[in-house]
Amino acid sequence: MRFISPRIHGILDYTVAAALIGVPLVLGFSATSVAAATISIASGIGLVLYSLLTDYSAGIRNLISWKAHLTLDAVAAVALLVAPFLFGFGGVPQAFFSTVAIAVLVVVATTQLDTDSSSVGAQTLERATG
């Protein structure tokens with residue numbers, strides 16, 4: 001069931017991006033693995049950039065389609081899942097990457113595919129009034 005609206009998804013995008021950027025700094029990932037810190041921060045910056053360029057309410061430019069955005073989210077989540085194994089880090093950074101990746105996959109799977117929720121409301125109002 002897809003119950004997360006694109007608007008809520010947008011809020012989650014920027015929240016996850018902030019976590020990807022902030023958590024490695026606060027928890028000192030670089031003391032354990034420079035790769036973990038770099039990948040997390042770069043992923044957060046990338047998420048902000050492609051979110052800003054997506055055709056949805058949280059974007060400012062309509063250069064990336066909504067479905068392409070969801071695909072990027074899923075690909076990024078899989079990349080976060082495999083990164084600890086590819087770059088050889090464990091512990092807290094691995095747990096963080098796994099948690100974020102699984103959460104993102106769940107959000108992608110439960111996000112509505114249609115970004116035009118305003119037209120659905122308008123159609124419903126139109127039917128009700130005439």
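Just so you know, these numbers use all the heavy atoms, side chains as well, and skip hydrogens, waters and symmetry mates.
- The OG atom of Ser5 sits 7.5 Å away from atom CD1 of Ile11, with the distance rounded to the nearest 0.5 Å.
- Note that OG1 of Thr54 and CG of Asp13 are 7.5 Å apart. Values are rounded to the nearest 0.5 Å.
- Atom CG of residue Asp55 and atom CG of residue Leu53 lie 11.0 Å apart, to the nearest 0.5 angstrom.
- Residues Val82 and Phe89 share a hydrophobic cluster, clusters being chains of Ile/Leu/Val/Met/Phe/Trp/Tyr side chains in contact below 4.5 Å.
- Of the residues Asp73, Ile45, Leu63, the one that meets the side-chain contact (heavy atoms from CB on, under 4.5 Å) test with Tyr50 is Asp73.
- Ser33 is not listed as a side-chain neighbour of Phe87, based on a closest heavy-atom distance of 4.5 Å or more.
- At least one donor-acceptor pair under 3.5 Å links the side chain of Ser40 to the backbone N or O of Leu20.
- Heavy-atom minimum distance, Ala19 versus Pro24: O-CD, 3.7 Å.
- Ile41 and Leu81 end up in different hydrophobic clusters when Ile, Leu, Val, Met, Phe, Trp and Tyr side chains are linked at under 4.5 Å.
- Under the 4.5 Å side-chain heavy-atom criterion for Ile, Leu, Val, Met, Phe, Trp and Tyr, Val78 and Phe85 are members of distinct hydrophobic clusters.
- Summarising the geometry of Ala101 relative to Ala77, their closest heavy-atom pair is CB-O, 3.2 Å, with the distance given to 0.1 Å.
- The aromatic rings of His69 and Tyr56 lie tilted to each other, with the angle between the two planes from 30° to 60°.
- Between Thr32 and Val92 the shortest side-chain heavy-atom distance does not fall below 4.5 Å.
- Atom OG1 of Thr110 sits about 10.5 Å away from atom CG of Leu105, to the nearest 0.5 Å.
- Heavy-atom minimum distance, Gly10 versus Ala58: CA-CB, 3.6 Å.
- In this structure, Arg61 and Leu52 have side chains that are not in contact, with every pair of non-hydrogen atoms separated by 4.5 Å or more.
- Listed here is the closest heavy atom pair of Ala17 and Gly44: CB-O, 3.5 Å.
- Taking 4.5 Å as the limit, some side-chain heavy atom of Leu70 sits within range of a side-chain heavy atom of Leu113.
- For Arg2, the CZ atom is densely surrounded, since the number of other residues' heavy atoms within 6.0 Å is greater than 12.
- Leu86 and Phe96 fall within a single hydrophobic cluster, where Ile, Leu, Val, Met, Phe, Trp and Tyr side chains are chained together by heavy-atom contacts under 4.5 Å.
- Atom OG of Ser57 and atom CD1 of Ile8 lie 8.5 Å apart (nearest 0.5 Å).
- Taken together through direct or relayed side-chain contacts under 4.5 Å among Ile, Leu, Val, Met, Phe, Trp and Tyr, Leu27 and Leu80 form part of one hydrophobic cluster.
- In this structure, Gln112 and Trp66 have side chains that are not in contact, with every pair of non-hydrogen atoms separated by 4.5 Å or more.
- Note that OG1 of Thr111 is 14.0 Å distant from CZ of Arg7, once rounded to the nearest 0.5 Å.
- Using a 4.5 Å heavy-atom cutoff, the side chains of Phe29 and Phe97 are in contact.
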